Amino acid sequence: MPPFGSGLLVLTAPLGALPRRAAAAVAAAAAVVAGPLYVHLQPGLSLAAPEPRPAAPPACPALLRALAALYAAAAAERGLDLRVLLGPGRRLARPPRVLLAAAAEAPGPPGPVQLGLQRLAAAAYGCPPRLPALLLGGPAEPGGAPEEEEEEEDPEGGPGAALPDFSDVAVGGTFDRLHGAHRLLLSACCLLARRRLLAGVADGDLLRHKVLMELIEPYELRAAKLREFLEDVKPSLRYDIVPLADPYGPSVTDPDLQCLVVSEETRRGGEAVNKKRLENGLPELALHEILLMKDPDHRQNEEEKISSSSLRQRLLGTLLRPPRQDPAMPSCPYVIGLTGGTGSGKTSIAKLLGHLGAFLIDADKLGHAVYVPGGPAYERVVATFGAEILNEDGTINRKVLGAKVFGNQERLKSLTDIVWPEIARMVKEQIEEAGAQGKAVCVLDAAVLLEAGWQDMVHEVWTAVIPEEEAVQRVVARDGLSEEAARSRLRSQMTNSQRVQQSQVVLCTLWEPDVTRKQVEKAWDLLQQRLSHKCSL
């Protein structure tokens, strides 16, 4: 783990040189700083000067290219929390614990440069005067100043070109787990705006069709992270952050707005905003388009661009929250409670875990066992619901029984109060059997795990999720139900989001079987690491 929790990196190279230097500079800083890592750009600044004066970098296309390179480099460093500062003026949200500069950009004796770093940080961001100051990389090249580098030719107007500016600028997005592409987009907004940035954050129905929408952070958290980033990056602007319940929000009614910042894939949405503005008697907004950032590490079924949906996919199989800590619960076997709605692919995941070495307990099979004549729940179920639920051979007709309780909460509770405790007793017997066989991991496959309160019997809850539309198609194909009946069945169950909120690990079978297998293997490998660490304590 890097020794410092936060840091400030000062880069003084020409903007045109930064795209070539960004990866090395960020990698060197990431070895020292866990994050956030703030970056102060000031081309040509001499840190060895007696009183280095802070200044904002020029708002030009070359700056945007430098920002793109820096944020791409941060993405390669385990998603480092990088914040490139576009103007001094306030204390940073998470004050730096160390000051950094590239040795090659700071020729001369280290002492004056380190002192200059401390003075600059104090003057620009109110940092304490005696923070540790380190020079990254080897010593300056012999002969003093590094070789001059020419600015790259700017296709948008030459080296001295400036970005347009507007009093009030708008932008919209989901802004889930702020990543490099978000940060580049927001930085462009900050460079274009003189007075105010209106940021709309998608919420409610706008999230319904997002990939793995159950893993999207709550609106309040996304808005708070967004504000912290923006106020760090450019404190001189006013930030209005609002929830978006529709694709337009205040962008079609706010008369002060002059510009809407879009990406290649949201430009058509910007054109739709302008059409609505004209209908509302307002002038069109200038549409300023930002290029998408490519993700060099994108994997199977992930987008080629850096995106929140890819980041959410990478969360599948990982530990989202700490396991339950119950001193009264035996640590061996370690019990995983696997749950999920109808059509979620939970059973296929259970089989994969069984192949990896887990002892499987099928709660549905145990449920069938409690209903058989002579089973632990048979007499009470018949006494409660009547002989009309019986087949001619005396067995319980579960379809008839299901029809009696479906949609009737009181009858359903009467049934589950009889059946669930008996299934739980049988599950505990099977867990003991797994322990007797020397099994290290036991998986309880139970659709009603959370509804029945059986999470008290497991160390971790793993949930299989699938979008509702995909689940409906699977249930129709598998069970021969009508689409309406399948949808009704799904909506009578706990929602994916409710399950995810109570889960340690989430898996998704939306894609090819090989993708599911890799998710499960990843989850299993990480579980083994947790168990190994637990045993070593």
Side-chain angles (χ1 to χ4, degrees), residues 329-330 333 335-351 353-354 358-437 439 442-458 461-464 475 478-481 485-486 488-494 499 502:
M329 190 172 176
V335 185
I336 302 298
L338 177 63
T339 190
T342 300
S344 65
K346 173 178 61 65
T347 301
S348 63
I349 290 171
K351 288 178 180 176
L353 289 167
F359 181 97
L360 298 183
I361 302 173
D362 188 333
D364 192 48
K365 285 184 178 177
L366 297 181
H368 281 84
V370 302
Y371 284 108
V372 299
Y378 179 85
E379 296 293 344
R380 290 176 63 195
V381 170
V382 173
T384 302
F385 294 96
E388 62 266 29
I389 67 170
L390 296 177
N391 294 312
E392 289 184 5
D393 61 0
T395 57
I396 292 174
N397 186 319
R398 292 184 67 179
K399 284 190 176 180
V400 174
L401 177 60
K404 270 182 169 281
V405 301
F406 186 79
N408 186 315
Q409 291 301 314
E410 187 176 339
R411 285 184 183 176
L412 180 61
K413 187 174 186 308
S414 296
L415 178 62
T416 57
D417 282 350
I418 296 170
V419 173
W420 284 351
E422 296 297 341
I423 298 175
R425 180 183 57 77
M426 297 170 77
V427 166
K428 289 174 183 175
E429 290 175 356
Q430 294 239 326
I431 292 173
E432 290 176 4
E433 174 62 23
Q437 292 184 21
K439 291 288 187 177
C442 189
V443 172
L444 169 58
D445 176 0
V448 295
L449 180 87
L450 299 173
E451 293 91 331
W454 295 340
Q455 61 266 47
D456 291 344
M457 294 193 292
V458 306
V461 174
W462 291 16
T463 290
V475 173
R478 184 190 68 193
D479 299 341
L481 298 179
S488 176
R489 180 189 291 184
L490 286 166
R491 291 183 176 172
S492 70
Q493 300 174 357
M494 185 177 281
R499 291 190 186 94
Q502 301 179 63

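Being a predicted model, the structure only gives us computed values, none of them experimental.
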For residues [X] and [Y], determine if any side-chain heavy atom of one lies less than 4.5 Å from a side-chain heavy atom of the other.
X      : Y      : value
Val372 : Thr395 : no
Leu360 : Asp445 : no
Val419 : Ile423 : yes
Glu433 : Gln437 : yes
Thr384 : Leu415 : no
Ile361 : Val443 : no
Leu338 : Leu444 : no

Which heavy-atom pair separates [X] from [Y] by the least distance, and what is that distance?
X      : Y      : result
Val461 : Gln502 : CB-O, 3.7 Å
Arg499 : Met494 : NH1-O, 2.9 Å
Pro333 : Ala434 : CG-CB, 4.2 Å
Arg489 : Ser492 : O-OG, 2.6 Å
Trp454 : Ala424 : NE1-CB, 3.7 Å
Ala446 : Ala363 : CB-CB, 3.6 Å

Nearest-0.5 Å distance, [atom1] of residue [X] to [atom2] of residue [Y]:
X      : Y      : atom1 : atom2 : value
Met426 : Ile431 : CE    : CD1   : 13.0 Å
Asp362 : Lys351 : CG    : NZ    : 10.0 Å
Cys442 : Met457 : SG    : CE    : 10.0 Å
Ile349 : Ile336 : CD1   : CD1   : 12.5 Å
Asn397 : Ile389 : CG    : CD1   : 8.5 Å

Among pairs that include at least one residue of residues 369-378, which meet side chain to side chain donor-acceptor pair (under 3.5 Å), considering only residues two or more places apart or in two chains?
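Residue pairs with at least one partner in residues 369-378: there are none.
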Please list, chain by chain and in numerical order, all residues satisfying side-chain hydrogen bond (donor to acceptor under 3.5 Å, both in side chains) with [X], sequence neighbours excluded.
X      : value
Arg380 : none
Ser488 : none
Gln493 : Thr342

Listing request: all salt bridge (charged side-chain N to carboxylate O under 4.0 Å, His left out) pairs with a residue in residues 422-432, at least two apart in sequence or in separate chains.
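Checked against salt bridge (charged side-chain N to carboxylate O under 4.0 Å, His left out) - neighbours excluded - the pairs reaching residues 422-432 are Glu422-Arg425, Arg425-Glu429.
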Output side-chain donor-acceptor pairs under 3.5 Å for residues 399-408, partner residues at least two apart or in another chain, one line each.
residue : atom : partner : partner atom : Å
Lys404  : NZ   : Glu388  : OE2          : 3.0
Asn408  : OD1  : Glu410  : N            : 3.2
Asn408  : OD1  : Arg411  : N            : 3.0

Test side-chain contact (heavy atoms from CB on, under 4.5 Å) applied to Thr339 and Trp462, step by step
CA-CA 6 Å; Thr339 190; Trp462 291 16; over 6 Å; no
